[in-house]
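Here is the structure we will look at, set down as structure tokens.
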Amino acid sequence: MPKISPDLLSVLRCPVTGSTLVQEGEELVSTAVGQSGETLRYAIEDGIPLLLPPELVSAANSAPSDQHDGGPGAAVTGNAAPAASE
């Protein structure tokens, strides 16, 4: 189980309640309950906290891959030289 550093945890906040988060296993848990009284939990994948509000998790998981960073509409950076004309 990857442990989130205390320094990072000190600045992270629940995106729904604005409260601090504590790590419980593979999740970060809000220290305040949501509007419906539930405890809000956020997954940690590959050491990265996924701080999406619950209503956006299913939308993010079902979005086509070309809608994520790096898809066809992503900005290209760099100093590519223009193609030479013949």
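Atoms CG and CG, on L50 and L56 in that order, are 12.5 Å from each other to the nearest 0.5 Å. With values rounded to the nearest 0.5 angstrom, T20 atom OG1 is found 6.0 Å from R13 atom CZ.
One hydrophobic cluster holds both V16 and L51 under the rule that ILVMFWY side chains link at heavy-atom gaps under 4.5 Å. In this structure, I48 is not a member of the same hydrophobic cluster as L12, with clusters built from ILVMFWY side-chain heavy atoms closer than 4.5 Å.
The nearest pair of heavy atoms linking L9 to L21 is CD2-O, 3.6 Å. When all heavy atoms of C14 and Y42 are compared, the closest pair comes out as SG-OH, 3.1 Å.
Not a single donor-acceptor pair under 3.5 Å links the side chain of S30 to the backbone N or O of L40. Between the side chain of Q23 and the backbone N or O of I4 there is at least one donor-acceptor pair closer than 3.5 Å.
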